[in-house]
2 protein chains.
Amino acid sequence: MAQTQLSRETLLPKLAAHVLEHGLGGASLRPLAKAAGTSDRMLIYHFGNKEGLITELLGYIAAMYSGALDAMLGDVRPASRQECLARILDAGSDPAMQAFLVLWWDIVAGAARGLPGYRTAAEAMMTKQLAWLEAQMPEGDPDPAGGARYLMTVIEGTLMLAAVGHDKTARDGLLAGGLLPS
Amino acid sequence: MAQTQLSRETLLPKLAAHVLEHGLGGASLRPLAKAAGTSDRMLIYHFGNKEGLITELLGYIAAMYSGALDAMLGDVRPASRQECLARILDAGSDPAMQAFLVLWWDIVAGAARGLPGYRTAAEAMMTKQLAWLEAQMPEGDPDPAGGARYLMTVIEGTLMLAAVGHDKTARDGLLAGGLLPS
DNA sequence: TTGGACTTGTAGCGATTGCTACATTCAGCG
DNA sequence: CGCTGAATGTAGCAATCGCTACAAGTCCAA
């Protein structure tokens with residue numbers, strides 16, 4: 001046998017695609033293996049146990065996210081914080097981003113509960129997003145570092161409210177806070 | 001037999017206590033039943049199936065949350081938005097509130113994924129919190145409705161960042177946004 | 001007293017869980 | 001060639017999953 005030569009690196013993209021569609025919580029070995037074109041037996045062989053698989057998968061997903069943000073960079077700099085925020089929130093309604101977001105709340109829930117790997121991955125993704133946001137701040141902003149953190153807090157709040165059907169609440173809040181043009 | 005007479009109403013508090021400690025995701029009938037002092041057999045009997053149980057449990061938890069907010073009300077009105085926000089974030093670090101928060105991210109994740117009952121419960125809890133927040137706005141605030149929505153967005157963002165270990169990021173953001181006294 | 005509705009215990013079903021034992025195949029090296 | 005170690009398939013384990021069949025008990029009304 002041993003001709004297909006599936007390694008961790010070959011497996012992870014397909015595993016990531018599977019959890020992006022079906023979530024992390026209910027992910028079990030056999031469906032994961034099927035999605036990756038192998039068997040549960042081999043997943044254990046390559047990753048040691050399920051916890052190792054999830055940890056490595058979360059790291060891979062964090063790297064994916066990082067790459068996606070990098071690909072987004074290089075655009076025109078926004079002229080104001082308002083424009084910056086509006087553009088980011090627009091990007092969040094992209095269907096591709098939507099699948100990411102659904103998975104993201106799984107990760108947050110796992111991090112909050114202290115599951116191994118979740119916290120590290122979530123922290124890395126947020127750190128990356130913060131750096132990206134700092135680079136996106138408008139030229140001549142009086143406090144890019146602080147502004148980025150402020151926007152970040154507001155963005156995450158907006159995303160959470162949107163996830164539970166309160167997107168209008170968030171939008172009205174942003175308007176009232178002078179963060180979106182009315 | 002039939003002497004203990006356990007009904008939905010008797011069961012729900014104990015079930016809620018169990019999920020508050022162990023989470024919603026991994027909750028299965030037998031542990032739930034054991035925590036409630038009954039059997040999986042009776043849980044199905046009373047709630048029809050697991051989905052019905054979860055749905056009803058989420059409704060009960062939403063009502064619990066609502067009651068907790070009501071109990072918090074009646075305090076002194078804060079003098080400013082800053083004070084209001086600071087007081088609420090303080091309350092969030094209460095250990096009792098911490099358990100609620102961990103469960104909350106489970107609910108958000110379920111709502112984002114469209115699981116039955118989750119969205120409704122989450123929406124109700126947020127609506128309740130919004131109403132409470134409006135009542136908490138400082139006297140003479142120029143736009144209590146908008147201000148409450150603005151604060152709400154900021155609060156949820158702060159809580160999420162805290163859940164993944166980025167509480168300092170959020171705090172710095174609030175300072176930069178002029179939402180906390182420096 | 002009898003009958004039916006409600007409530008509960010016991011036992012178990014088929015499916016799925018993470019994981020392992022064992023055998024086999026293949027590549028590379030001496 | 002023969003050996004070794006990595007890679008893989010097959011089969012199955014004990015545990016748990018949601019759920020159900022069946023019997024037995026209690027209770028109230030007729």
Side-chain angles (χ1 to χ4, degrees), chain A residues 1-16 18-19 21-61 106-107 109-110 113-118 121, chain B residues 1-16 18-19 21-61 106-107 109-110 113-118 121:
Chain A
M1 314 164 181
Q3 63 272 34
T4 36
Q5 277 289 43
L6 291 178
S7 64
R8 264 171 267 216
E9 290 67 34
T10 332
L11 259 9
L12 283 172
K14 302 179 188 172
L15 296 175
H18 183 265
V19 297
E21 190 173 358
H22 299 93
L24 267 165
S28 48
L29 289 182
R30 268 167 264 244
L32 277 171
K34 194 171 177 184
T38 179
S39 66
D40 57 331
R41 165 73 182 73
M42 289 315 294
L43 290 185
I44 297 292
Y45 176 73
H46 282 300
F47 298 98
N49 53 31
K50 190 185 179 184
E51 182 180 319
L53 191 162
I54 296 294
T55 303
E56 212 146 333
L57 185 50
L58 284 171
Y60 179 80
I61 289 171
D106 270 351
I107 298 176
R113 179 145 284 122
L115 302 185
Y118 283 73
Chain B
M1 313 168 182
Q3 62 270 35
T4 36
Q5 278 287 43
L6 291 177
S7 64
R8 263 170 270 217
E9 290 67 34
T10 331
L11 260 8
L12 283 172
K14 303 178 187 175
L15 296 176
H18 184 265
V19 297
E21 189 173 359
H22 298 92
L24 266 165
S28 48
L29 289 182
R30 268 167 266 243
L32 278 171
K34 194 172 177 183
T38 178
S39 65
D40 56 332
R41 164 70 181 77
M42 289 315 294
L43 290 186
I44 297 293
Y45 175 73
H46 281 300
F47 298 98
N49 53 30
K50 190 185 180 185
E51 182 180 318
L53 191 162
I54 296 293
T55 303
E56 211 146 335
L57 184 50
L58 284 171
Y60 179 80
I61 288 171
D106 270 351
I107 298 176
R113 178 145 286 121
L115 303 185
Y118 284 72

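Below, chains carry the letters A, B, ... as their sequence lines are ordered, and counting in each starts from 1. Remember, predicted model here, so these are calculated numbers, not experimental data.
- At least one side-chain heavy atom of B:Leu58 sits under 4.5 Å from a side-chain heavy atom of B:Leu24.
- Taken from CZ in B:Arg30 to CZ in B:Arg41, the straight-line distance is 13.0 Å, to the nearest 0.5 Å.
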Atom pairs, N/O to N/O, protein against nucleotides 18-21 of chain C, distance under 3.5 Å?
residue	atom	partner	partner atom	Å
C:dG18	OP1	A:Lys50	NZ	2.6
C:dG18	OP2	A:Leu29	N	2.9
C:dG18	N7	A:Arg30	NH2	2.7
C:dG18	O6	A:Arg30	NH2	2.9
C:dC19	OP2	A:Lys50	N	2.8
C:dC19	N4	A:Asp40	OD2	2.5
C:dA21	N6	A:Arg41	NE	3.3

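- In this structure the side chain of A:Asp106 never reaches within 4.5 angstrom of the side chain of A:Val19, judged on heavy atoms.
- Protein atom OH of A:Tyr45 is 18 Å distant from nucleotide atom P of C:dT24, rounded to whole Å.
- Summarising the geometry, the separation between NE2 on B:His46 and C1' on C:dC6 is reported as 10 Å, rounded to the nearest angstrom.
- Scanning all heavy atoms of the two residues, the minimum distance from A:Ser28 to A:Lys50 falls at CA-NZ, 4.2 Å.
- Taking 4.5 Å as the limit, every side-chain heavy atom of A:Leu15 sits out of range of all side-chain heavy atoms of A:Tyr60.
- Scanning both residues, B:Ala35 and B:His18, for their nearest heavy atoms gives CB-CD2, 3.5 Å.
- Proximity of A:Tyr118 to A:Ile54: side-chain heavy atoms (C-beta onward) are separated by under 4.5 Å at one or more points.
- Both key distances under 3.5 Å define a Watson-Crick or G-U pair, and stretches of 3 or more such consecutive pairs in DNA chain D run C:1-30 with D:1-30.
- Here C:dT8 presents its P atom at 12 Å from CZ of B:Arg8, a figure rounded to the nearest Å.
- Considering only heavy atoms from C-beta on, B:Met42 comes within 4.5 Å of B:Ser39 through its side chain.
- When the P atom of D:dC19 is taken as reference, atom CE of B:Met42 falls 15 Å away, rounded to whole Å.
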